[in-house]
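Input: a single structure, listed below in structure tokens.
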Amino acid sequence: MSIRVRFAPSPTGALHIGGARTALYNWLLARGSDGTLVLRIEDTDRERSTPENVEQILDALRWLELDWDEGPISQSDRADRHREEIARLVAEDKAYLDDGAVRLRVPEGQTTVEDVIRGTVTFENETIDDFVIARSDGSPLYNLAVAVDDRDMEITHVVRGDDHLSNTPRQLMVIEALGIDRLPIYAHLPLMHGPDGKKLSKRHGAASVQELREAGYLPEAVRNYIALLGWGYDAESTFFTTEELIERFSLERVSRSPAVFDEQKLRWMNGRYLRELDGAELTRRVESFTGRTGLGPAVEISREKMQTLSEFWPMAGFFVEAQPYDERAWAKVMKDGAVERLGLARAALAELASFEPEPIEAALRAVVEQTEVKPRKVFQPVRLAISGTTISPGIFESLAVLGRDTALERIDATLARAKDS
RNA sequence: GGCCCCGUCGUCUAGUGGUUAGGACGCAGGGUUUUCAUCCCUGUAACGCGAGUUCGAUUCUCGCCGGGGCUACCA
């Protein structure tokens, strides 16, 4: 029998990386076994669930390229089905009315959860009160709905956050009361914490998938990174293609302890993914991210300097339009004869037969020889002139991409400004 | 408070009844170098504490401590 898993987010907010990881693991399980992934929206709390949040979650999943086979199914749409079971439980006296709400009768004894990740976890039933399965307005509650839906949807593996472990015995009791004879296999993933060790929240920086996207991360890098938050294949491997992830992922190797999201490491990994992309693809992504076109040559010479897509524009925006001078950079560079050297560089560049990186380099190095200074004394004024700052892609390549006319124009503007001041 | 889960470098992790406790990020230093990066090299740093079992515990058991979750007519 092939596996059927579900990702069942509650649409009470954005999808953060903890939820994204749960979705990923479920997806890997389904894709790795010719199984089925059901997307179910757990919106039995109408007060806190919004259509906007649902859409946001779907967007996040699509961006991460995690597709689903069934759904999205809105749990609230199945309320009639849930009510039917609640009525049956009441009729069978397994649940009872309490001031209009319906409570399940918690039986005597113990309830044991067999968890792939946690092992056997036993709860004494006496520590669990008769819990509410329907509000007094008749609307079904989570613990009831989950049990019914997982059964109706024939879910074989329930893979979810550890915060659900304590509720699992309640769901098991509902399942028992309902007379369901087949139990899903449970796997409770360790929670994700913020850098302060607390439960992940908006305060912990780029915690939502949407924020990661806006920060310029690549979906494949995010997938690889979060896969490693709570799972490891061996002692050495860090980079996994999606195919490798699908092939190698297993619940048995999921760790039990909570993980902390470390954006530094994601940045590093994202940079590695960025540099692996071929020129056309990287350009496509940068253009899509910045909303600009014609970026190809600039992207090509900037690639090894970027960790995220968002770093392109601050560093290479000058290729598209002149940037204001960074005054600190100006003060640092435009002194001790920099103006003269810039003038010499300008003249050398103007005479070039071919405005390509190699001849440009030869010309500028000739100026270095001539003036008997360190190379940077010549290059930095030129860099400042064309980019407005001291940081840019390689100066020879930058000049070539910018083109002679624009380059000379900007150098002239810089010389004029230096003269005025 | 009660119940449950968790505890290896700062972070993500590998690992074993006997290992120089491995890798990665970060950080520090060095190399390459036109800036910033990339890249390469070196270094830094961990088994929470206390008992018990054992010839020997990071590893097994118990206790403690610490962190987290649940305990809702939230999910």
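In the text below, chain A, chain B and the rest are named by the order of the sequence lines, each starting its count at 1. Nothing here was measured: the structure is a model prediction, and the numbers come from that model.
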Check every strand shown and say whether [X] touches a base, only sugar-phosphate, or nothing at a heavy-atom separation below 4.0 Å.
X: A/Phe396; value: base
X: A/Arg40; value: nothing
X: A/Pro190; value: nothing
X: A/Arg46; value: nothing
X: A/Arg253; value: sugar-phosphate
X: A/Arg275; value: sugar-phosphate
X: A/Ser255; value: sugar-phosphate

Distance alone, cut at 3.5 Å: any donor-acceptor contact between the side chains of [X] and [Y]?
X: A/Asp45; Y: A/Tyr142; result: no
X: A/Thr122; Y: A/Gln110; result: no
X: A/Tyr325; Y: A/Thr414; result: yes

Answer for the Watson-Crick or wobble partner of B/C60, both distances under 3.5 Å, is B/G52
Pair [X] + [Y]: basic N to acidic O under 4.0 Å:
X: A/Lys377; Y: A/Glu340; answer: no
X: A/Arg78; Y: A/Asp152; answer: yes
X: A/Glu85; Y: A/Arg83; answer: no
X: A/Asp98; Y: A/Arg103; answer: yes
X: A/Glu55; Y: A/Arg62; answer: yes
X: A/Glu287; Y: A/Arg284; answer: no

A/Gln370 atom CD, over 12 foreign heavy atoms within 6.0 Å: yes
Exceeds 12 heavy-atom contacts within 6.0 angstrom, atom CD of A/Glu84: yes
How are the rings of A/Tyr273 and A/Phe239 set relative to one another: parallel (under 30°), tilted (30 to 60°) or perpendicular (over 60°)? tilted
For the pair made of [atom1] in [X] and [atom2] in [N], what is the distance, rounded to whole Å?
X: A/Arg328; N: B/C36; atom1: CZ; atom2: C1'; result: 15 Å
X: A/Ile391; N: B/U34; atom1: CD1; atom2: P; result: 17 Å
X: A/Met192; N: B/U11; atom1: CE; atom2: C1'; result: 13 Å
X: A/Phe261; N: B/U13; atom1: CZ; atom2: P; result: 13 Å
X: A/Met173; N: B/C3; atom1: CE; atom2: C1'; result: 12 Å
X: A/Ile386; N: B/U35; atom1: CD1; atom2: P; result: 15 Å
X: A/Trp330; N: B/U35; atom1: CH2; atom2: C1'; result: 17 Å
X: A/Tyr225; N: B/G26; atom1: OH; atom2: P; result: 12 Å

For nucleotides 16-24 of chain B, 5' to 3', base contacts (B), sugar-phosphate-only contacts (S) and non-contacts (-) with protein non-hydrogen atoms under 4.0 Å give ------BSB
Just the atom pairs and distances: protein N or O near nucleotides 4-8 of chain B's N or O, under 3.5 Å.
unit_1 : atom_1 : unit_2   : atom_2 : d
B/C5   : O2'    : A/Arg118 : NH1    : 2.7

Side-chain donor-acceptor pairs under 3.5 Å in residues 379-386 of chain A, sequence neighbours left out?
unit_1   : atom_1 : unit_2   : atom_2 : d
A/Gln380 : OE1    : A/Arg383 : NE     : 2.6
A/Arg383 : NH1    : A/Ser392 : OG     : 2.8
A/Arg383 : NH1    : A/Pro393 : O      : 3.1

Which of B/G15, B/U34, B/C12 is nearest the side chain of A/Leu228? It is B/C12
Give me the one residue out of A/Arg6, A/Arg81, A/His82 that meets side-chain hydrogen bond (donor to acceptor under 3.5 Å, both in side chains) with A/Asp149. A/His82
Applying the side-chain hydrogen bond (donor to acceptor under 3.5 Å, both in side chains) criterion to A/Tyr217, which one of A/Glu211, A/Glu263, A/Gln307 satisfies it? A/Glu263
Quiz item: A/Arg303 side-chain donor-acceptor pair to B/U38 base, under 3.5 Å: no
Looking at residues at least two apart in the chain, or sitting in another chain, which of them share a side chain to side chain contact (heavy atoms under 4.5 Å, CB included) with [X]?
X: A/Pro219; answer: A/Trp63, A/Glu65, A/Arg223, A/Arg285
X: A/Asp137; answer: A/Arg135, A/Ser139
X: A/Asp162; answer: A/Arg118, A/Leu165, A/His188, A/Leu191

Members of [range] that approach RNA chain B, where some heavy atom sits under 4.0 Å away:
range: residues 346-364 of chain A; value: none
range: residues 313-327 of chain A; value: none
range: residues 370-378 of chain A; value: A/Pro375, A/Arg376

Output every pair passing salt bridge (charged side-chain N to carboxylate O under 4.0 Å, His left out) with a member in residues 309-337 of chain A, not counting sequence neighbours, ordered by first then second residue. A/Arg267-A/Glu311, A/Arg292-A/Glu321, A/Glu327-A/Arg417
What about A/Tyr225 and A/Trp231, are their ring centers closer than 6.0 Å? no
In this structure, is the centre-to-centre distance between the rings of A/Tyr25 and A/Phe249 below 6.0 Å? yes
Can you give me the N/O atom pairs linking the protein to nucleotides 73-75 of chain B at distances under 3.5 Å, or say none if there are none?
unit_1 : atom_1 : unit_2   : atom_2 : d
B/C73  : O2     : A/Ser136 : N      : 2.8
B/C73  : O2     : A/Ser136 : OG     : 3.0
B/C73  : N3     : A/Ser136 : OG     : 2.6
B/C74  : OP2    : A/Arg135 : NE     : 2.6
B/C74  : OP2    : A/Arg135 : NH2    : 2.8
B/C74  : O2'    : A/Asp45  : OD2    : 2.4
B/C74  : O2'    : A/Arg48  : NE     : 3.4
B/C74  : O2'    : A/Arg48  : NH2    : 3.1
B/C74  : O2     : A/Arg48  : NH2    : 2.5
B/A75  : OP1    : A/Thr44  : OG1    : 2.2
B/A75  : OP1    : A/Asp45  : N      : 3.4
B/A75  : OP2    : A/Tyr142 : N      : 3.0
B/A75  : O5'    : A/Thr44  : OG1    : 3.4
B/A75  : O3'    : A/Glu42  : O      : 3.3
B/A75  : O3'    : A/Glu42  : OE1    : 3.3
B/A75  : N6     : A/Asn167 : OD1    : 3.4
B/A75  : N6     : A/Asn167 : ND2    : 2.0
B/A75  : N1     : A/Asn167 : ND2    : 3.0

Working to the nearest 0.5 Å, report the span between CH2 of A/Trp268 and CG of A/Asp262. 11.0 Å
If you restrict it to nitrogen or oxygen atoms, what contacts under 3.5 Å exist between nucleotides 44-46 of chain B and the protein, and what is each distance?
none

